[in-house]
Every structure is written in C-alpha cells, then in structure tokens.
**Student:** 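Quick one: the structure is below, and I'll ask about it shortly.
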Amino acid sequence: MNNEYRLNPHCEQMMQQYREMLPELERVSQTAYDRLRRALRQQGIYITAFERRIKTEKSLAGKLELKGAKYKSIEDVTDLVGLRVITFYTDDVDKVAAIAKRTFEIDWKESVDKRKLHQLDSFGYNSLHYVCRLEEGGIRFELQMRTALQHVWSTIEHDTGYKGEVKIPKEYRRQFSRLAGMLELVDDEFSRLRTVLADYRRQVQALVKTGQLDDVHLSSDSFRSYLDLRPFDRLNQRIAAVNQAEIYPASLMTFLPLLELFGFETLGKVQEFIDENSDDAYQLALSQFALTDLDILSESVGLQYLSLVYVLKHGKGREGLKFVYDTINGKDDTNEALADLMFAQAQTMPFMVRR
C-alpha cells in the first residue's frame, strides 16, 4: 500500500486498522453522544454547545508521525472519537463530569484535570478531560468539558498562532498571560454571581411566602414570586362577575415598569396600592362593563384598573391615563383616545368627586 503520509510500517499498520474501524468509530461516537445528551437533559443541565467528532485520517497521520512509537496498536489512541461539552459556568463543568461518571466507564489513569495544572498561560486549555468507554465495552473515547470562555480563548490562541511553531516575543506572551488571567477571574466571578443570585432569589421567595413584603425590594424576581400568591385574583373575580366573564391567563410582568415608575420600592408598597385602590378600581371597571356583554377578560384587568385609578387619584388626568396605556400597551395613536374615554367615564366616580 502506498504510504502517502511517510509513516513507518508500524504506524501504517495502525492507519489501516483505523480505516477498518471507521464504522465502529461512528457507532461509538453517536451512541456516546446520545447517552450523554439524554442524561444531561434528565438532570436539567443547561449547556451552550455539545459536539462530537471522529479524528480525520490526516489528523491521525500527523499524530502518528510525531508520537507513533508510543502506541502498540490503534486501540491505544484514545481520542479517535471525541466529545466536547461547553458550559456557561465553571461549576457546571463539575456537574457534567459527575453525570459522565454515571454514564460511562472512566479510565482514570488516562484522564486529566488540566484545571489543576495552574500554568500562567493555560486558561484556554483548562479543560477537564476524561477518557471513557461505553458501559458495554468497546473502544475508548475522549470527553472534553470546558466553559464557554475557555473555549473562546482556546480558539483565539489557535487563530493567532500563539501555540504555533513560531516563538512569540516575551512582551506579547505577557499580554496573553494577563488577558488569560482576567478571563479566568471573569469565569470564576460569573459562577460566584450565579450562586449569590440564586441565594437571593430563595431568600425573596421565603420572605414573600411568609408575608414579609415590606422587607422585599421590588424587582423582576421578587414581583414574579409575588404573582405566585395571586394577589389580583380577588379583584379580577369581582370584575368578571359583572358579566359572568371568563378570565384568560396573561402576563403581568409588563406592569412592573409602571409600578416602578409609580415609585413603589418594595412589595409592601405594591400590596398597599392594591388594598387602598381595589374598591375604586372595581367601581371604575363596573361603570364600563355593566353596559357591555363582554364575557371574556384578561387576567391583567384588575391591575390595569388599579393603575388607572392610581394616576387619577394623584391628579394626573388624561396625561396620566395615556401614560398608563403607553407603558402597558406600547405607544400607539389609540392610547390617547382610550385615555379621553376613560377620563370622561371617571368623572362620575366618587374618588374623583371627593377631589
């Protein structure tokens, strides 16, 4: 056989073994990929990318030219099949590794955690590498686990030729090392911040459930937890009863910017807003719906009328009403007409007369 890669007889024999193994390599690659992907989904691990590849003949030839003497047979080459899992956070790399341990047999002698090498210029190579085998046996394959930032940095190093044959001047190597250190710090800080935010969300949820609303700052997370308590249901049901209407689900998160613009800093202030304005909001809705046959209403109806009453009570008039409609519906020419209609309707309301 023509030795097109200038391999010695031993390496050329391994190359021929590789060619004969290609169908088996494809089977192992697909099977390992499917099993790990299924296991990750079952555990709810969110990853940014999951790749698989079979080593090309050209790549294998290059490896054998350099290191062929260390291999007794083609089975000793552990990266003929490769999987790569890329996560957003460093702690998720460990979670993927734990799942891999339960999914495959790990060759611990061949596996390496490059994150523990602590080399100054190794950030892009700080992957966790497992050499694995399917539980039923067969050829070994390599599983590489790294973060998105590590992956991007590795790609940049390769693209710039930093790890190439040409020696990089010391001042440029120093700049690379500084940038690598900064990215490693960013990688760690993202994981730390996620943990801190998760703890904060748990604290918020606990405070909301116990009714300690004055201690909870109004934010998207806290408001979402507050909505789980269904604070607008009673008002919605009162309004729906006017026409025996059905209430259909709708997101109330669009009202969060409005509540913040009202100056509500805590969930306690939101609860006061509901308690103080619910009766007037019901009366305003009643004045509109009593003369209609509407039999389906949005779940946002109660919060909408609370907001309309609030701006009217604070003397904001037509402009205040238009502001509410612009905020929750987006700016539209029809909002001014809605504001005029609502303002005229509100003139007969007791809370307007008292002013």
Side-chain angles (χ1 to χ4, degrees), residues 213 216-227 229-355:
L213 302 180
V216 184
H217 182 75
L218 179 61
S219 66
S220 58
D221 285 325
S222 65
F223 188 55
R224 189 173 286 108
S225 296
Y226 180 61
L227 292 177
L229 301 179
R230 315 293 298 178
F232 304 101
D233 275 8
R234 182 172 179 274
L235 177 57
N236 286 342
Q237 291 164 4
R238 289 182 69 190
I239 295 173
V242 174
N243 291 326
Q244 299 299 305
E246 178 184 352
I247 299 176
Y248 68 89
S251 173
L252 301 184
M253 293 302 294
T254 54
F255 284 83
L256 177 59
L258 186 63
L259 298 176
E260 291 174 330
L261 289 169
F262 285 166
F264 302 152
E265 296 183 351
T266 67
L267 291 182
K269 291 299 182 183
V270 176
Q271 187 61 52
E272 287 180 18
F273 159 75
I274 297 173
D275 295 341
E276 293 174 1
N277 297 290
S278 283
D279 287 341
D280 292 327
Y282 169 72
Q283 292 297 328
L284 183 60
L286 177 63
S287 69
Q288 281 205 309
F289 295 139
L291 301 178
T292 72
D293 58 355
L294 285 175
D295 60 358
I296 185 167
L297 296 173
S298 167
E299 192 175 13
S300 65
V301 63
L303 183 48
Q304 177 175 315
Y305 276 89
L306 283 167
S307 302
L308 296 172
V309 165
Y310 183 83
V311 296
L312 288 171
K313 282 185 173 182
H314 285 76
K316 302 301 182 180
R318 290 184 179 85
E319 287 303 312
L321 295 172
K322 183 176 181 298
F323 173 75
V324 171
Y325 287 125
D326 283 343
T327 303
I328 62 178
N329 299 330
K331 291 193 175 182
D332 189 277
D333 292 340
T334 61
N335 289 338
E336 189 167 353
L338 288 173
D340 287 341
L341 181 64
M342 183 58 66
F343 187 72
Q345 190 76 42
Q347 297 309 305
T348 60
M349 295 293 102
F351 63 85
M352 294 289 289
V353 173
R354 285 197 298 270
R355 292 189 63 83

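What's counted below: heavy atoms across the whole structure, side chains too, no hydrogens, waters or symmetry copies. These figures come from a predicted structure and were not determined experimentally.
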**Student:** Using a cut-off of 6.0 Å, state whether more than 12 heavy atoms not belonging to Glu265 lie near its atom CD.
**Tutor:**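 It does not: Glu265 CD has 12 such atoms or fewer within range.
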
**Student:** Please give me the minimum heavy-atom distance between Ala346 and Leu312, naming the atom from each residue.
**Tutor:**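 The answer is CB-CD1, 3.6 Å.
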
**Student:** Looking at side-chain heavy atoms only, is the closest gap between Leu303 and Ser307 below 4.5 Å?
**Tutor:**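 A side-chain contact under 4.5 Å exists here.
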
**Student:** Show the nearest heavy-atom pair for residues Ala281 and Leu235, with the distance to one decimal.
**Tutor:**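 In terms of heavy atoms, the two residues are closest at CB-CD2, 4.1 Å.
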
**Student:** In chain order, what residues pass the side-chain hydrogen bond (donor to acceptor under 3.5 Å, both in side chains) check against Tyr226, with sequence neighbours excluded?
**Tutor:**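 For Tyr226 the side-chain hydrogen bond (donor to acceptor under 3.5 Å, both in side chains) partners, ignoring immediate neighbours, are Gln271.
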
**Student:** Just how far is it from atom CD of Glu260 to atom CZ of Phe255, taken to the nearest 0.5 Å?
**Tutor:**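 Separation between the atoms: 14.0 Å.
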
**Student:** So do the side chains of Leu321 and Leu338 get within less than 4.5 Å of each other, counting heavy atoms only?
**Tutor:**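 They are not in side-chain contact.
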
**Student:** Is there a side-chain contact between Phe232 and Val301 in this structure, where contact means two heavy atoms from C-beta onward sitting under 4.5 Å apart?
**Tutor:**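 Sidechains of Val301 and Phe232: no contact.
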
**Student:** With no hydrogens and no angle check, do the side chains of Thr334 and Asp332 hold a donor and an acceptor under 3.5 Å apart?
**Tutor:**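 Side chains of Thr334 and Asp332: pair found under 3.5 Å.
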
**Student:** To the nearest 0.5 angstrom, please state how far the CZ atom of Phe351 sits from the NZ atom of Lys313.
**Tutor:**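 So the gap between those two atoms works out to 7.0 Å.
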
**Student:** Taking the side chain as C-beta and beyond, is there a heavy-atom pair between Ile328 and Leu258 under 4.5 Å?
**Tutor:**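 A side-chain contact under 4.5 Å exists here.
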
**Student:** Can you check whether Leu286 reaches Ile239 side chain to side chain, under 4.5 Å on heavy atoms?
**Tutor:**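 Side-chain contact under 4.5 Å: no.
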
**Student:** Is it the case that more than 12 heavy atoms not belonging to Glu319 sit under 6.0 Å from its CD atom?
**Tutor:**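 Open: at most 12 neighbouring heavy atoms sit under 6.0 Å from CD of Glu319.
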
**Student:** Is it the case that the side chain of Ser222 and the backbone of His217 share a donor-acceptor pair, with hydrogens and angles ignored and the cut-off at 3.5 Å?
**Tutor:**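 Yes, Ser222 side chain to His217 backbone: donor-acceptor pair under 3.5 Å.
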
**Student:** Does any N or O in the side chain of Gln283 come within less than 3.5 Å of the main-chain N or O of Met349, such that one atom is a donor and the other an acceptor?
**Tutor:**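 Checked: no pair found.
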
**Student:** Specify whether Phe273 and Tyr310 have parallel, tilted or perpendicular ring planes, treating 30° as the upper limit for parallel and 60° as the lower limit for perpendicular.
**Tutor:**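 Perpendicular.
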
**Student:** List in chain and number order the residues that pass side-chain hydrogen bond (donor to acceptor under 3.5 Å, both in side chains) with Gln288, two or more places apart in sequence or in another chain; answer none if no residue qualifies.
**Tutor:**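 For Gln288, the residues satisfying side-chain hydrogen bond (donor to acceptor under 3.5 Å, both in side chains) (neighbours in sequence not counted) are Tyr305.
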
**Student:** My understanding is that only one of Leu256, Leu218, Leu306 makes a side chain to side chain contact (heavy atoms under 4.5 Å, CB included) with Val270; could you say which?
**Tutor:**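 Result for side chain to side chain contact (heavy atoms under 4.5 Å, CB included) with Val270: Leu218.
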
**Student:** Once rounded to the nearest 0.5 Å, what's the spacing between atom CD of Gln304 and atom CG of Leu252?
**Tutor:**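 With rounding to 0.5 Å, CD (Gln304) is 11.0 Å from CG (Leu252).
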
**Student:** For Ala245 versus Leu294, what's the shortest heavy-atom pair and its separation?
**Tutor:**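 The pair with the smallest heavy-atom distance is CB-O, 3.9 Å.
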
**Student:** Per the salt bridge (Lys or Arg N to Asp or Glu O under 4.0 Å) rule, what does the pair list look like for residues 230-249, sequence neighbours excluded?
**Tutor:**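 Matches after skipping sequence neighbours: Arg230-Asp233, Arg230-Glu299, Arg238-Asp279.
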
**Student:** Measure the CG-CD distance between Leu297 and Gln237 for me, rounded to the nearest 0.5 Å.
**Tutor:**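 One finds 12.0 Å between CG of Leu297 and CD of Gln237.
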
**Student:** Mind checking the CD-NZ spacing from Glu336 to Lys322? Nearest 0.5 Å is all I need.
**Tutor:**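 If we round to the nearest 0.5 Å, Glu336:CD and Lys322:NZ are 6.0 Å apart.
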
**Student:** Tell me whether Thr266 contacts the main-chain N or O of Lys269 through its side chain, where contact means a donor paired with an acceptor under 3.5 Å.
**Tutor:**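 Pair found, side chain donor or acceptor close to backbone of Lys269.
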
**Student:** So, the side chain of Asn243 versus the backbone of Phe289: is there a donor-acceptor pair under 3.5 Å, distance only?
**Tutor:**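 Between the backbone of Phe289 and the side chain of Asn243 there is a qualifying donor-acceptor contact (under 3.5 Å).
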
**Student:** With side chains defined as the heavy atoms from C-beta onward, is the minimum distance between Leu284 and Met342 less than 4.5 Å?
**Tutor:**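 Leu284 reaches Met342 side chain to side chain.
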
**Student:** Does Asp293 CG have over 12 foreign heavy atoms under 6.0 Å away?
**Tutor:**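 Open: at most 12 neighbouring heavy atoms sit under 6.0 Å from CG of Asp293.
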
**Student:** What's the spacing between Leu229 CG and Leu267 CG if we round to 0.5 Å?
**Tutor:**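 Atom-to-atom, Leu229:CG and Leu267:CG are 9.0 Å apart.
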
**Student:** Which heavy-atom pair separates Ala250 from Ser300 by the least distance, and what is that distance?
**Tutor:**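 Closest approach of Ala250 to Ser300, heavy atoms only: CB-N, 4.5 Å.
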
**Student:** Whether the side chain of Asn335 engages the backbone of Gly330 through a donor-acceptor N/O pair (distance < 3.5 Å, no angle test) should be reported.
**Tutor:**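 Checking the backbone N and O of Gly330 against the side chain of Asn335, a donor-acceptor pair under 3.5 Å is found.
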
